[in-house]
Amino acid sequence: MEYGEIKEQATRFYKSIDNTLNFDVNYSFYYDETNNCRIFRIKNRKLNFDKNKDFILGGVALEKDNQNIKDDFIELRNKLKIQTNLKEIKFKNICGQGSNFLKCISSKNIRYFLSWLLGKDIYIHFQVLDNLYYSLVDIIDSLDTFNNLDKTNYYKTLLYQWI
């Protein structure tokens, strides 16, 4: 099945739930990633990367009509006391290096930042993936030897737990 067909089926499905949804909106995505090890290697019986660190991709999305926010961004940067030479705001700029979630979510900076996003109709996108598991899934799924879903899932889990 081609991408266009899948998109059309998904659009019909979601419109059957809520026919006011608009899927013809253009967005610009701004994102950053962390813990992308790119390649796992095993050397001396150890992985080259901490398997417990998840790959995180997140950022903001703006409708194409909402692209002219440069002055608003400067105001936000000033309010959060972020250096004027920085062209983007990172998590560490709002919550500090090594902040834990509970400290961060209760800070006045994060409350101001989230309120600012809401006020400007800017959306947050965020995804977390287990690096090792999805690397193993790719390997197992590429093998033609498994034609049983239960067996395939069993080997994925077995390999993941073994490493």
Side-chain angles (χ1 to χ4, degrees), residues 1-40 49-77 80 87-95 101-102 104-107 109-163:
M1 187 176 295
E2 292 187 29
Y3 170 76
E5 295 173 55
I6 295 170
K7 179 185 176 208
E8 190 59 39
Q9 284 181 0
T11 301
R12 279 196 307 272
F13 171 74
Y14 286 111
K15 284 204 175 243
S16 74
I17 296 169
D18 181 354
N19 65 359
T20 65
L21 293 173
N22 181 6
F23 291 93
D24 296 320
V25 181
N26 290 319
Y27 290 92
S28 291
F29 282 78
Y30 301 89
Y31 59 90
D32 193 20
E33 62 183 44
T34 188
N35 295 329
N36 186 357
C37 69
R38 290 182 174 65
I39 297 174
F40 274 112
F49 194 80
D50 183 351
K51 73 176 188 174
N52 296 314
K53 288 190 174 186
D54 293 328
F55 170 68
I56 301 170
L57 179 68
V60 296
L62 291 86
E63 285 188 49
K64 290 283 187 186
D65 301 357
N66 194 12
Q67 296 295 306
N68 209 1
I69 63 162
K70 188 174 182 178
D71 292 337
D72 293 328
F73 177 75
I74 292 168
E75 177 189 322
L76 172 67
R77 198 175 53 197
L80 296 175
K87 296 190 185 296
E88 58 184 23
I89 296 175
K90 301 269 191 180
F91 178 77
K92 67 182 180 182
N93 300 126
I94 299 174
C95 290
F101 177 77
L102 292 176
C104 178
I105 205 68
S106 63
S107 78
N109 280 351
I110 198 74
R111 284 194 307 271
Y112 183 82
F113 178 69
L114 293 174
S115 296
W116 183 84
L117 290 175
L118 286 170
K120 303 297 178 194
D121 287 329
I122 299 173
Y123 301 97
I124 297 173
H125 63 92
F126 184 81
Q127 182 174 6
V128 177
L129 294 173
D130 183 322
N131 275 320
L132 179 61
Y133 181 75
Y134 283 99
S135 297
L136 296 173
V137 164
D138 284 346
I139 293 168
I140 298 293
D141 285 348
S142 69
L143 301 174
D144 290 333
T145 56
F146 300 115
N147 56 6
N148 178 313
L149 184 60
D150 289 335
K151 191 181 268 190
T152 303
N153 289 337
Y154 169 77
Y155 283 107
K156 290 173 187 175
T157 302
L158 183 68
L159 191 54
Y160 180 76
Q161 289 176 344
W162 179 71
I163 292 179

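- In this structure, the side chains of Leu62 and Tyr27 stay at 4.5 Å or more apart for every pair of heavy atoms.
- Comment: Arg38 engages Glu33 in a salt bridge, judged by a side-chain N to carboxylate O separation of less than 4.0 angstrom.
- Annotation: the span from Arg111 atom CZ to Ser106 atom OG amounts to 7.0 Å, rounded to 0.5 Å.
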- Task: Under the side chain to side chain contact (heavy atoms under 4.5 Å, CB included) rule, what do Phe55 and Tyr134 come out as? Steps first, then yes or no, please.
- Result: CA-CA 10 Å; Phe55 170 68; Tyr134 283 99; over 6 Å; no
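- To the nearest 0.5 angstrom, Tyr30 atom OH is 13.5 Å from Ile89 atom CD1.
- Under 4.0 Å is where a charged nitrogen must lie from a carboxylate oxygen, and between Glu88 and Lys90 at least one such pair does.
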- Item | Residues Thr152, Ile140; criterion side chain to side chain contact (heavy atoms under 4.5 Å, CB included); working and verdict | CA-CA 7 Å; Thr152 303; Ile140 298 293; 3.7 Å; yes
- Message: One pair to check against side chain to side chain contact (heavy atoms under 4.5 Å, CB included): Leu129 and Gln127. What are the steps and the verdict?
- Response: CA-CA 7 Å; Leu129 294 173; Gln127 182 174 6; 3.8 Å; yes
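- Expressed to the nearest 0.5 Å, how far OG of Ser107 lies from CZ of Phe113 amounts to 11.0 Å.
- Counting only distance, with no hydrogens or angles, the side chain of Asn131 and the backbone of Asp54 share no donor-acceptor pair below 3.5 Å.
- Evaluation of the ring-ring contact (aromatic ring centres under 6.0 Å, His included) rule for Tyr133 yields Tyr160 as partners, not counting sequence neighbours.
- In this structure, Leu21 and Phe23 have side chains that are in contact, with non-hydrogen atoms separated by less than 4.5 Å.
- Asp32 contributes atom CG, which lies 10.5 Å from atom CD1 of Ile56 (distance to the nearest 0.5 angstrom).
- Under the 4.5 Å side-chain criterion, counting only non-hydrogen atoms from C-beta, Lys120 is in contact with Asp72.
- Taking 4.5 Å as the limit, every side-chain heavy atom of Leu136 sits out of range of all side-chain heavy atoms of Lys156.
- Contact check for Ile124 versus Leu114: side-chain heavy atoms found under the 4.5 Å cut-off.
- For residues 9-31, the salt bridge (Lys or Arg N to Asp or Glu O under 4.0 Å) pairs, not counting sequence neighbours, are Glu8-Arg12.
- Two residues are said to be in side-chain contact when any heavy atoms from C-beta on lie closer than 4.5 Å; Tyr123 and Val60 fail this criterion.
- Note on Lys51 versus Asp130: no salt bridge recorded, every NZ/NE/NH1/NH2 to OD/OE distance being 4.0 Å or above.
- A 6.0 Å sphere centred on CZ of Phe73 holds more than 12 heavy atoms belonging to other residues, nucleotides or ligands.
- When the shell of 6.0 Å around OH of Tyr154 is examined, it contains 12 or fewer heavy atoms from other residues, nucleotides or ligands.
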- Between Tyr112 and Ile94, does a side chain to side chain contact (heavy atoms under 4.5 Å, CB included) hold up when you go through it step by step? CA-CA 10 Å; Tyr112 183 82; Ile94 299 174; over 6 Å; no
